[in-house]
Amino acid sequence: MDGDDSSKDLRTQSFSGVGLACRRGGRLVFTGLDFSISPGGALVLRGPNGSGKTTLLRVMAGLTHFTAGHLAWDSVPVEDPDSHAARLRFVTHLDAVKPALTVTENLAFWTALWRGKEASIAAAMAAFDLTRLAEFPARLLSAGQRHRLALARLLVAPAPLWLLDEPGNALDTASRDALARAIADHRASGGMVVVASHEAAFVENGDTLDVGLFTPKIASHWSDDELSGAAE
Amino acid sequence: MDGDDSSKDLRTQSFSGVGLACRRGGRLVFTGLDFSISPGGALVLRGPNGSGKTTLLRVMAGLTHFTAGHLAWDSVPVEDPDSHAARLRFVTHLDAVKPALTVTENLAFWTALWRGKEASIAAAMAAFDLTRLAEFPARLLSAGQRHRLALARLLVAPAPLWLLDEPGNALDTASRDALARAIADHRASGGMVVVASHEAAFVENGDTLDVGLFTPKIASHWSDDELSGAAE
Amino acid sequence: MSVFTSILARDLRLAIRQSADSLTVVAFFAIATVLFPFGVGPEANVLARIAGGVVWVTALLAALLSLDRLFTVDFEDGTLDQLVLSGEPLSFIVLGKVVAHWLTTGVPLIIMSPILAVTLHLPAEGYLPLMLALLLGTPTVSLVGAVGAALVLGTRRGGVLLSLLVLPLYIPVLIFGTAAVEAALTGVSATPMLSVLGGFAVLALTLCPWATAAALRQAVE
Amino acid sequence: MSVFTSILARDLRLAIRQSADSLTVVAFFAIATVLFPFGVGPEANVLARIAGGVVWVTALLAALLSLDRLFTVDFEDGTLDQLVLSGEPLSFIVLGKVVAHWLTTGVPLIIMSPILAVTLHLPAEGYLPLMLALLLGTPTVSLVGAVGAALVLGTRRGGVLLSLLVLPLYIPVLIFGTAAVEAALTGVSATPMLSVLGGFAVLALTLCPWATAAALRQAVE
Amino acid sequence: MHRFANPTQFMRIANAIYPWVAGLAVILFVVGLPIALVTSPPDYQQGQTVRIMYIHVSSAWLMMMIYGIVAGGSAAFLIWRHPMANLVAKASAPMGAIFTGLALITGMLWGQPMWGTFWVWDARLTSTLILFFLYLGYIALNDAFEDSERGDRAAAILALVGSVNLPIIHFSVEWWNTLHQPSIMKLSGDGVKSSVDGAILLPLFLMMGAFTMYYLAVLVLRLRSELLAAKIRNARMSQVAVDAAVGQPAE
Amino acid sequence: MDAILNYLNMDGYAAWVWPAYGLATVALVGILVQTRRTLKTREREFETLKSSRRGGQA
Ligand code: HEM
Ligand SMILES: Nc1ncnc2c1ncn2[C@@H]1O[C@H](COP(=O)(O)OP(=O)(O)OP(=O)(O)O)[C@@H](O)[C@H]1O
Ligand SMILES: Nc1ncnc2c1ncn2[C@@H]1O[C@H](COP(=O)(O)OP(=O)(O)OP(=O)(O)O)[C@@H](O)[C@H]1O
Ligand SMILES: [Mg+2]
Ligand SMILES: [Mg+2]
């Protein structure tokens, strides 16, 4: 039931990571990475393709395992993935939309799961200009409309931390503005936002974190040093 | 074998459509739509989300059936979908990349299928900064790297008409420049480009076509008029 | 429990909206069973001899086929990421999906089974034990299958790999399930076999949702 | 023909790179067959009586399971769009994929079959006709299955619907396939049955690639 | 062809023939049933069971004719994209499935007294069973898609592929020697010859005619119903989508 | 009476002949009833839709 009143204490929360390192497919994607977001803050992840923005977002969400460092929420180390998950919303490349359900039904499902209020569904649809499509099965939506439906999920049940992976993909100008507004509102009420994007448009006065400015290192389970005497 | 020398006569070709109408899921997406592209020309499709840009590109590719109007190539009506397909390349939202094959193997397959030259593979990879990733299995690529691999397919075997659906998605600045360069080179050698995009950056001096500026009409197989006397 | 019911409700709604789905599971069950008289020949005594086993094996294969896609769609469209991030116990969510699966495929199989038993010339006294055995056995089938379905997420040809993982685990269910039918035909009480099947179901209910949740977590990593 | 060979080469390469795939088809074949002694009981004479039929039925089901995903991956990742737009006859492309499928699943099944026949106590004179019948029958299975796989693209739970569409069409193959084994066991020549199977294969080869291509075209529309 | 593609024109013709086929169906049943059930003599070989034939052969004939119509409609739909042809196919298929079921069951009811078994795996029986499954597959495929137009096209292709089965059903009794009766009719140089007595042929033809007219009459009703459904969909869609988001210039 | 019973008995084939006719009747009547019923419900639905739209416009 803490989902319900989490909106109240948005302001008191902060999120940070220290010395994070992550290995994917045998290569070290990043190492020694620090970040910190305070209430109302925003962090824009930048970096060329393949620099590790998506990976870092998944680490922040607790989905991907990291090899060193730690995450902290209000200075308390993040340990239980479920309770960490309850305080964040993650919009990924995949939009988790069920084609057979209508726009409203899609949102209603997530609202129920996240114990949000029924009433917020209409507001979320309005924010992303989906109201007129409310009774359309999602299979009839175009790429941008589907993506807007995924974004509308951010608003059905409040959560302090938003993780957005290239949220501008496929959006038209009006929808980009709507997204920027939603982000600004969320921050104004004390929420935090992390955006991985090649365009800066959505976030005003956010911090910037350059991901992957170092040469990626090879990383098997063990470093060369550790292996040195092993296979002789 | 005509794929081989199609590059020679790029200049002489033009592509146009007259009075196109298309129905999807029982609704008329567009109707009475005309366009025309001359050699070296470019057409930018604009319109809010859901206005029918993707649908129009699929119609141009001969994939989606249209209910009225016709397409013409060099003023000759397009009839056989296979021979029309041989003169175009289509980059869609889906990148048709096989995760189990390396970057080179992915490109080599399409080169063979389209009867392109082996040598062009290296050039295509260089154009989209994939050379360092040549021997990487595609499953290790990030979103932007995968999309660059899809774009590199444009260069492995020449075809006069490029259809690009939101080609800028997930690309970093350097890759956007590379894409803009590829498009400019293609047009300089007489090729044609159609781009559906919410950003104009990739095309210089292109024509613009606003898709879906009229109110969509309802269309089952039959209009109400046609049905009027049917079920009494 | 609200998680459980909202998952259950959504999956049931999806199943009803695409009602052809559970019908086709039953259709597979029927067709695969009907293949046997073609393959084995139509002699009634041979068929009657193998009827219980054939119905059980095809029921297992039918359940397996439908389990194949239990999580695949959610995995591919990103829903699974979101479910793992729901902040609710993942094993409850899993349980909701498994119960929806059982209601839409297991129950139709049970209802269908006596009809197929007739075409295979199973003696009438075998019908009730067959249905009871299926009633107690199919929940285990769904629960164990869910673990397998979660493990093979992200592999190509998951379906075949799934059967490799899961079919061996079905063997005990199969043995006691057919033994129950056998017992009834030879006039012995089927109760001991049925209670073993019930025991399997309880065991599966306590272990499988947890194991499935763990498998799903590593699938989205 | 270069289209055909490049498709064939790519699909074979993909299959080898994920060699677990064709292994799992064979594994399914083996496990499903081995389930029968558990379901039916271990008596050698009963098993011998049904051996040919069981091997054939499980081979069909194994092929079906692997056919399920023949086009799905290409459909979902956009490759199919590109193949339809290749400008080459789509039926050649289809043929390339089907041949690759048959080489990676049909052939291993044929090689595996005598081993399974032994476990089901099939008399030794049945081995050769069984393998020959599978050799002539499995191409039809792959070809017909390809039509079904193309038709169900884009449905949820395609696998089960696929079996509803395709298994009935396998019935003639099954009948003549088991009849060939039966004939050899009773000392009659199996040649007439084998030539009917060959006839089916020729018929399927002329019709199915075309029908599959039509189905694929409408799937990407 | 294009005249029939317009539903109003098509239904004008259909509605015009409706009273005739419906009336004929009633007359043929009223005349045919008493002859089939009472006045016609028992067969010298098959005795009274010959009365099953009047239903069995009529259903079998109809199931094949309907499949022909389904396949033909599907072909027209795929080649010329005539939705009306598809509608005819779609409206016929469930009836075809039911008549196939009827042919199978009456055949089994006839087989038990005649051959001593309900079922043998001979070519005609097997190919009839396959026809039944093809009908079921057509129906299942038709509503397996979220986009109903895709279902239409996929099912149409299946119907065309399955039409290979039709000649097999018909000629199976000649190509393989089976338990099943060979054809009653033989077309030879000097016209239609029959091996069967006229007293049995008369009720047979009456019943076949009655079944056929019945099918045509019900088909008209089902087409009306399908077109009404299309009208309802149109009306529904226009209510939802009059202002549905899409295509309006961004203000 | 005997004649009728004798007729109904069909020389001992009653168990095969009558079910055949019975099932055929059920099938034919069933299709007809089902078809007419959906037709009627759709007609009614269409009428209400039409009248409600007219009401909306007024
Ligand atoms: C389940 C069992 C049976 C099935 C599936 C079946 C199927 C068929 C089919 C499909 C036809 C139509 C063939 C055509 O028009 O080309 C037919 C016709 C006929 N059947 Fe059967 N049948 C069955 C059992 C029987 C039995 C037991 C008898 C009689 C002993 C019988 C006697 C006939 C006769 C006399 C015809 C008309 C022959 C002709 O004109 O072609 N059938 N049956
Ligand atoms: N397969 C389909 N079935 C039914 N309707 C569809 C289908 N695909 C698209 N539509 C409808 O057609 C309209 C146009 O869609 P399309 O994808 O062409 O838009 P778009 O201009 O590409 O939009 P976006 O900018 O969001 O990509 C949408 O409103 C959508 O509802
Ligand atoms: N599942 C994986 N297995 C192995 N390596 C991976 C995996 N996912 C990503 N990588 C590697 O990690 C690196 C970072 O990928 P990531 O997706 O985080 O990049 P990104 O910054 O999001 O790039 P983009 O801008 O293209 O989305 C890539 O170079 C990629 O090769
Ligand atoms: Mg990324
Ligand atoms: Mg689009």
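Treat the numbers as computed from the prediction; the structure is a model and nothing was measured.
Within residues 210-221 of chain D, the residues having any heavy atom under 4.5 Å from a heavy atom of chain B are, by residue number, D:Arg217, D:Val220, D:Glu221. Within residues 126-145 of chain B, no residue has any heavy atom closer than 4.5 Å to a heavy atom of chain D. Taking 4.5 Å as the heavy-atom cut-off, the residues of residues 54-66 of chain B that approach chain D are B:Arg58, B:Ala61, B:Leu63, B:Thr64, B:His65, ordered by number.
Side-chain contact between D:Val57 and D:Val54 is absent, with no heavy-atom pair separated by less than 4.5 Å. Using a 4.5 Å cut-off on side-chain heavy atoms (C-beta onward), B:Asp95 and D:Asp77 make no contact. With a 4.5 Å cut-off on side-chain heavy atoms, D:Phe29 and D:Val55 count as touching.
Taking CG of B:Leu163 as the start and CG of B:Leu43 as the end, the distance is 10.0 Å to the nearest 0.5 Å. A distance of 8.5 Å separates OG of B:Ser175 from CG of B:Leu151, quoted to the nearest 0.5 Å. For the atom pair D:Leu132 CG and D:Ser113 OG, the distance stands at 10.0 Å (nearest 0.5 Å). Rounding to the nearest 0.5 Å gives a distance of 8.0 Å between NE2 of B:His186 and CG of B:Leu154. Here the CZ atom belonging to B:Phe15 is positioned 10.5 Å from the OG atom belonging to B:Ser36, to the nearest 0.5 angstrom. Put simply, OG1 on D:Thr33 and CD1 on D:Ile115 are 11.5 Å apart, with the number rounded to the nearest 0.5 Å.
Only the side chain of B:Arg153 comes within contact range of chain D, with heavy atoms under 4.5 Å apart. No part of D:Leu80 comes within reach of chain B, as not one of its non-hydrogen atoms sits under 4.5 angstrom from that chain.
Ranked by heavy-atom pairs under 4.5 Å with chain B, the first of D:Leu83, D:Thr79, D:Ile93 is D:Thr79.
The cationic group of B:Arg89 does not satisfy the cation-pi geometry with B:Trp162, failing either the under 6.0 Å distance to the six-membered ring centre or the 45° limit from the ring axis.
Applying the salt bridge (Lys or Arg N to Asp or Glu O under 4.0 Å) rule to pairs touching residues 106-122 of chain D yields nothing, sequence neighbours excluded.
Between D:Phe176 and D:Phe200, the ring planes lie perpendicular to each other; the angle is over 60°, past the 30° to 60° tilted range.
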Check your understanding: Can D:Ser86 and B:Trp114 be said to form a side chain to side chain donor-acceptor pair (under 3.5 Å), step by step?
Key -> CA-CA 7 Å; D:Ser86 71; B:Trp114 291 329; 5.6 Å; no
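We find that D:Asp74 and B:Lys98 are joined by a salt bridge, their nearest charged nitrogen and carboxylate oxygen being less than 4.0 Å apart.
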